[in-house]
Amino acid sequence: MSQIHILPENLANQIAAGEVVERPASVVKELLENALDAGATNISVLIEQAGLQRIRIVDNGHGISKEDLPKALQRHATSKIKTVDDLFAINSFGFRGEALPSIASVSHFTLNSRTKGADEGWEINEKGTIKPASLKKGTIVDVQDLFYNTPARRKFLKSTRVEQTHIEDAVVRLALSYPQVTVTLSFDGKQKRHLNAAQGDLLDDMLPRLNAVMGKDFSTNAVPITQTRDDMQLFGWTSLPTHNFGNSRKQYLYINNRPVKDRVLLGALKQAYHDLLAKSRYPMAVLFLEMPPHMLDVNVHPTKAEVRFKNSSAVYGFIYGAVRYVLEQHSTTVSHSTAQTAVKAFQVPPQMNFIQANQVAEQVHTFTPRTQNMTVNQAEGFSLPPVLTRKGEETEPTSEEIKHPLGAAVGQVHGTFIVAQTEDGMILVDQHAAHERLMYEKLKSQVMNNTVGTQRLLMPEVVELSDREIDVLVEREEELKKFGLEVEQFGAQAVQIRSIPQLLGDTNAKALLLDVVEDLLEMKTNTSLTDRLEDTLSTIACHGSIRANRRLSLEEMNALLRQMEQTPNSAQCNHGRPTYIELKVADIEKLFGRR
Ligand code: ADP
Ligand code: MG
């Protein structure tokens, strides 16, 4: 007896829906793509109960004729490609002809449509019944009770909040690549997004939409990219390292204007920031990659979120190089919002008036310190207005000196921050963070050029360690040697440190080694060699840098400023924190109400 049979059409559609319609947001994405493919310039998305009760999408695109309506709901029926050649020259979102039949098989579905010039519109439901409908030119798709007949799918869904977030993300992701289309989104009758169509020059007109989606100060804290290599082009914006985000959600990547979550692109972006950001922070970016369609295959994923490149390493190299290049060009720019926050922090708290402030100061002065050498400040925990300590002569910096981008040092506050005067403002430098960056960049270039200097310890330092710690050190011995850190096993439970990088100067070698070991243990076995190197370098650099609370002479401070100006990426430390902030005289004047 025959065992094999063809699946009924509806079941086949439900199976396809398993891939295409994972959650309400997938429906929104497919329907929005259809509306954009139909040339709509105005699209509204109405959502009820996170899409489970209703998803209704209204567009003003070219519509579907009465004759085509039944076909639109059939599997493998599309108006977008005809031959296999078209598959490799695609300029529409859709081409598989799967979305509508899949969605209709797992919901109560109606589609209303009217083409340009047609006398009336028509409606079709999931059963294929057609009747007249009244509507303007365009299409309305109404999806109700999603997954009512596939309860297993419903169970996998997350909370309303999470599903709404996915929907919003799907909407803005597409809206970012179509700034000339007006898009609105509402949840349960409340408008969530209204993105107005931009007119005119694409790059400039993108800015309002960009800021609406990425956060209102994104465009002032991001660097624009326009790079070309061979027949690839990249344009968009990527955030300054000091303007980062707690997860990777704000990374919007497009290939030929198609949103993708492609691993090659995401990986290249991540790598471009790897030594500019702490592990738990992420860059924000909107990047559009354009390339000839025949250089990629978009038909490798049911929802086309991933693509396959003919030459993925060329693509990776291009993206990495382009992002890295613009970041280095802007490496001495600190995000604007950092300075803004600083200005706010400087403002006098409103409840503290001048008389109160004087009283506090008086109390401080009448207090007799218990210890002679202890300052009032330390003894009582009062926070006094910072006192500038200037070493050397009390001379004003010359007009020549203040011409440097980071200005001329005038003093140090709290033994930790350098104050410098520039032509039109002042700079506050976190000396530890800044020096750490310098050390890191220097060490890195020495390692790359194989010119690391080592200093032999006069008395090799013996450090006791656990078996695991010794194992990882022995395993990495050669790597560490390249950095100038030489260790060798010493008996069963210890190693001895023979030399450390010369750059570090007078450093506690044991503390350094313990930190490096901890780092090595934390690294996963699959961490790439470069990541590993840079992680370790970063730890070493931290040890060699000037601590907070070290007094510096004006000469030393100026030397640090001059080095910062010459060092790539010096505006932030290896953890993505700013190394300095700048206040313009204009900002200071504002603080004092002079402007
Ligand atoms: P695909 O988009 O892969 O072609 P779909 O199942 O999403 O497959 O849609 C089937 C067809 O229905 C499309 O090829 C298109 O001709 C038509 N269609 C779907 N949605 C719309 C719409 N909003 N406006 C105009 N035509 C549409
Ligand atoms: Mg489609």
Side-chain angles (χ1 to χ4, degrees), residues 9-10 12-22 25-46 55-84 86-107 109-118 121-126 128 130 133 135-143 146 170-171 173-175 177-178 181-184 257-259 297-305 307:
E9 191 182 318
N10 197 44
N13 283 336
Q14 285 188 358
I15 291 171
E19 282 185 322
V20 181
V21 191
E22 191 192 344
S26 341
V27 174
V28 173
K29 167 189 170 285
E30 294 292 339
L31 298 181
L32 261 179
E33 289 184 350
N34 280 346
L36 291 168
D37 279 346
T41 54
N42 200 322
I43 306 175
S44 58
V45 181
L46 302 136
I55 295 168
R56 182 180 165 89
I57 300 202
V58 183
D59 72 56
N60 64 351
H62 58 54
I64 309 174
S65 67
K66 185 188 178 194
E67 172 197 12
D68 271 347
L69 272 184
K71 283 188 250 163
L73 291 196
Q74 273 172 33
R75 210 137 66 92
H76 310 309
T78 180
S79 58
K80 299 170 194 174
I81 58 168
K82 288 208 173 95
T83 69
V84 67
D86 296 342
L87 204 49
F88 293 93
I90 284 177
N91 49 24
S92 57
F93 285 115
F95 57 84
R96 296 167 63 108
E98 271 184 330
L100 293 186
S102 300
I103 296 166
S105 74
V106 292
S107 68
F109 178 95
T110 58
L111 184 152
N112 290 251
S113 202
R114 177 169 169 180
T115 52
K116 194 175 173 189
W122 295 91
E123 174 185 301
I124 185 167
N125 65 13
E126 78 263 23
I130 296 187
L135 74 157
K136 287 190 254 167
K137 185 201 119 186
T139 302
I140 303 172
V141 181
D142 204 321
V143 177
L146 184 64
V171 172
R173 199 172 280 275
L174 280 162
S177 61
Y178 277 79
V181 176
T182 298
V183 183
T184 54
N257 226 27
R258 177 189 295 282
D297 187 351
V298 292
N299 187 27
V300 289
H301 191 270
T303 65
K304 307 161 206 116
V307 298

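Numbering of ligands and ligand atoms starts at 1, following listing order. Numbers here simply count residues along the sequence, with the first being 1.
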Q. Hey, does H62 sit under 4.0 Å from ligand 1 if you only count heavy atoms?
A. yes
Q) Looking at ligand 1, does any of its N/O atoms fall within less than 3.5 Å of an N/O of R96? A) yes
Q. What is the closest protein heavy atom to atom 25 (C) of ligand 1, and at what distance does it sit?
A. A38 CB, 3.4 Å
Q: Kindly indicate, with the supporting measurements, whether the criterion side-chain contact (heavy atoms from CB on, under 4.5 Å) is fulfilled by L36 and V181.
A: CA-CA 9 Å; L36 291 168; V181 176; 4.0 Å; yes
Q | For atom 8 (O) of ligand 1, the protein heavy atom that lies nearest, with its residue and separation | A | G97 CA, 3.2 Å
**Q.** Proximity winner for atom 15 (C) of ligand 1, if only heavy atoms of S79, A35, P101 are counted
**A.** S79
Q. Looking at atom 23 (N) of ligand 1, what's its closest protein heavy atom, distance included?
A. D59 OD2, 2.9 Å
Q: Examine distances only and state if a side-chain atom of E123 and a backbone atom of N112 form a donor-acceptor pair shorter than 3.5 Å.
A: no
**Q.** Geometric N/O contact F95 with ligand 1, under 3.5 angstrom
**A.** yes
**Q.** Separation of D37 CG from S92 OG (nearest 0.5 Å)
**A.** 5.0 Å
**Q.** Options L69, I81, L32, L100, ranked by nearest heavy atom to atom 9 (O) of ligand 1, top entry
**A.** L100
Q.
Under 3.5 Å, is there a donor on one side chain and an acceptor on the other for N34 and K80?
A. yes
Q. For K71, what residues pass the side chain to side chain donor-acceptor pair (under 3.5 Å) criterion, not counting sequence neighbours?
A. D68
**Q.** Partners meeting side chain to side chain donor-acceptor pair (under 3.5 Å) with R258 (sequence neighbours left out)
**A.** none
Q: Considering only non-hydrogen protein atoms, determine which one is nearest to atom 4 (O) of ligand 1 and report residue, atom name and distance to 0.1 Å.
A: T78 OG1, 2.6 Å
Q) Any idea which of L36, I64, L31, N34 brings a heavy atom closest to atom 27 (C) of ligand 1? A) I64
(Q) Listing request: all salt bridge (charged side-chain N to carboxylate O under 4.0 Å, His left out) pairs with a residue in residues 57-66, at least two apart in sequence or in separate chains. (A) none
Q: Looking only at protein heavy atoms, identify the closest one to atom 12 (O) of ligand 1 and say how far it is in Å.
A: A72 CB, 3.7 Å
Q | the Mg ion (ligand 2): protein N, O or S atoms [distance under 2.8 Å] | A | N34 OD1
**Q.** Min N/O separation K80 to ligand 1 under 3.5 Å
**A.** yes
Q | Neighbour count >12 (heavy atoms, 6.0 Å) for atom CD, E9 | A | no
Q. What protein heavy atom is closest to atom 22 (C) of ligand 1, reported as residue, atom name and distance in Å?
A. T139 OG1, 3.8 Å
Q) Do you know which two heavy atoms are closest between H301 and R96, and how far apart they sit? A) O-NH1, 3.8 Å
Q: Test I103 against E30 for side-chain contact (heavy atoms from CB on, under 4.5 Å), laying out the working first.
A: CA-CA 9 Å; I103 296 166; E30 294 292 339; 4.3 Å; yes
Q. Where does K71 meet ligand 1, judged by heavy-atom distances below 4.0 Å: at the side chain, the backbone, both, or neither?
A. neither
Q.
Using side-chain contact (heavy atoms from CB on, under 4.5 Å), reason through K116 and H62 one step at a time and then give a plain yes or no.
A. CA-CA 6 Å; K116 194 175 173 189; H62 58 54; over 6 Å; no
Q) Minimum heavy-atom separation for D142 to R56, with atom names? A) OD2-NH1, 2.9 Å
(Q) What verdict does the side-chain contact (heavy atoms from CB on, under 4.5 Å) test give for I43 and Y178, after you've listed the backbone C-alpha separation in whole Å, the side-chain angles of each residue and the deciding distance to 0.1 Å? (A) CA-CA 11 Å; I43 306 175; Y178 277 79; over 6 Å; no
Q) Considering only the protein, which heavy-atom contact is closest to atom 10 (C) of ligand 1, and what is its distance? A) A77 O, 3.7 Å
